[in-house]
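Single-structure report; data block below.
Lettering of chains follows the sequences in order, A, B, ..., and the numbering in each one begins at 1.
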Amino acid sequence: MRRPRTMAPIVASMVIVAAVSGMSAFAGDGTPVPHPPRGKGERCVADTGFMRKNHMKMLLHHRTEAVHLGVRTPQYDLNGCVSCHAVEGSDGKPVSFASDRHFCKSCHSYAAVSIDCFECHASRPEVQGKTAFVAPADREVAAIDRYLRDIRP
Amino acid sequence: MSTEPQQALPDRRTMLRGLGGAFATLLAPGVTLYAFGANDAQAQASPKVRWALLIDLGKCPAGCDLCVTACREENGWQGNGRAETDAQWIRKVRLRDARTGQDREVPVMCQHCDKPACVDVCPTGASFKRPDGIVLVDKHICIGCRFCMMACPYKARSFVHEPVTDQKPWAPRGKGTVEGCTLCVHRLDAGRPPACVETCAAKGGGAMLFGDLNDPGSEIAKAVARHAPAQIRSDLGLEPAVRYRNL
Ligand code: SF4
């Protein structure tokens, strides 16, 4: 059977579209992987691997401390994440969670995990470029790690 | 007399140690509150403090709504032009004495009661009082049942009926939850006064005095002791933290 010659450009353009959209570029073995935009800060509050695995737990526990006791450690504030990882849209302003290019969205739509943080929280910084980022001491990251290990079922 | 049965009984120290163990377990959930290595000093909500407001209606001109607009700006609760359902964290209520014809306008917001009815009725624990007396809604656990709105004699809370976008980063608010004056808790935790108080002092009549009632040396504690200002519906015994002069 002869494959229609017109298929080649179609496939090629599909690959290009996928690559340009940046959402699901392919890993070496052909598995689509998300490529969330990098943060603007020098470094994150913890290692990338640690953050990938634990960011949701960190946010969950920080929220209780912040709301109920007024513990407002700036580096664990969701606003810090949102400011540092803000992605500029075509209008020059940071995009909101409605956009597929939003830092959180870019991974969460890939992982099919719907989050409701941004039903209430601002998903983009109020003033562009202003970040409240403060690098934490390694000691604090170690404390978080210890704590998360303790509560792990 | 044999000593054996006595040896079988735990001595006082062992018993106390056992109790200590039990307490430690009981306290464990509390320990998680300082999960990230924070300590009491970092927790801004101190049980030693009792935030309060004293509003002098004699200095609050009719028609002035600077406190209302300041709050709206600060917390981003500008509505959708639907007065029936739009949120309102603070409003000016007009009072008119039919006999004397005397008119005055009263800024009314969450009264941050010492014994808040909204906290009593909340089935989820979302409506709570911070250690420093600020009454808040933890929107993470609010189910939007609105029991608190019904319980509040001051009509201080609102339900968010419509989706909200581009909230103020420091004042999260969203559809399906209840909200009200937070006494600008984000500002207090950063050592700044509430937005209404700041604006009233800078541009309005300077009618609002804010401070810690538990500190006998504070302006507000002295003023409250001197003038014995009124509380709205003090007969209900909720002990609101907002007091009024010339009500
Ligand atoms: S609406 Fe929310 S805060 Fe109010 S009583 Fe219901 S759950 Fe509690």
Is B:Pro169 close to chain A through its backbone or its side chain, or both, or neither, when contacts mean heavy atoms under 4.5 Å? both
B:Val185 versus chain A, heavy atoms under 4.5 Å apart: side chain, backbone, both or neither? both
Distance from [X] atom [atom1] to [Y] atom [atom2], nearest 0.5 Å?
| X | Y | atom1 | atom2 | result |
| --- | --- | --- | --- | --- |
| A:Cys120 | B:Arg173 | SG | CZ | 9.0 Å |
| A:Glu65 | B:Gln44 | CD | CD | 12.5 Å |
| A:Arg63 | B:Asp138 | CZ | CG | 6.0 Å |
| B:His140 | A:His121 | NE2 | NE2 | 4.0 Å |
| B:Gln167 | A:Arg124 | CD | CZ | 10.5 Å |
| A:Asp116 | B:Lys175 | CG | NZ | 13.0 Å |

Atom of B:Pro131, atom of A:Leu69 and distance for their closest heavy-atom approach: CG-CD2, 4.2 Å
How close do A:Val67 and B:Phe128 get, heavy atom to heavy atom, and via which atoms? O-CZ, 3.5 Å
Going by heavy atoms in the side chains, are A:Phe97 and B:Thr165 under 4.5 Å from each other? no
With chain A as the partner, which of B:Asp189, B:Val160, B:Ile134 has the greatest number of non-hydrogen pairs under 4.5 Å? B:Asp189
Counting heavy-atom pairs under 4.5 Å with chain A, the top scorer among B:Ala45, B:Gly76, B:Ser46 is B:Ala45
Surrounding CD of B:Glu239 (heavy atoms of other residues, nucleotides or ligands, distance under 6.0 Å), is the total greater than 12? yes
Is it true that, when you exclude B:Glu73 itself, more than 12 heavy atoms of the residues, nucleotides or ligands shown sit nearer than 6.0 Å to its CD? no
Does a side-chain N-to-carboxylate-O contact under 4.0 Å join B:Lys168 and A:Glu126? yes
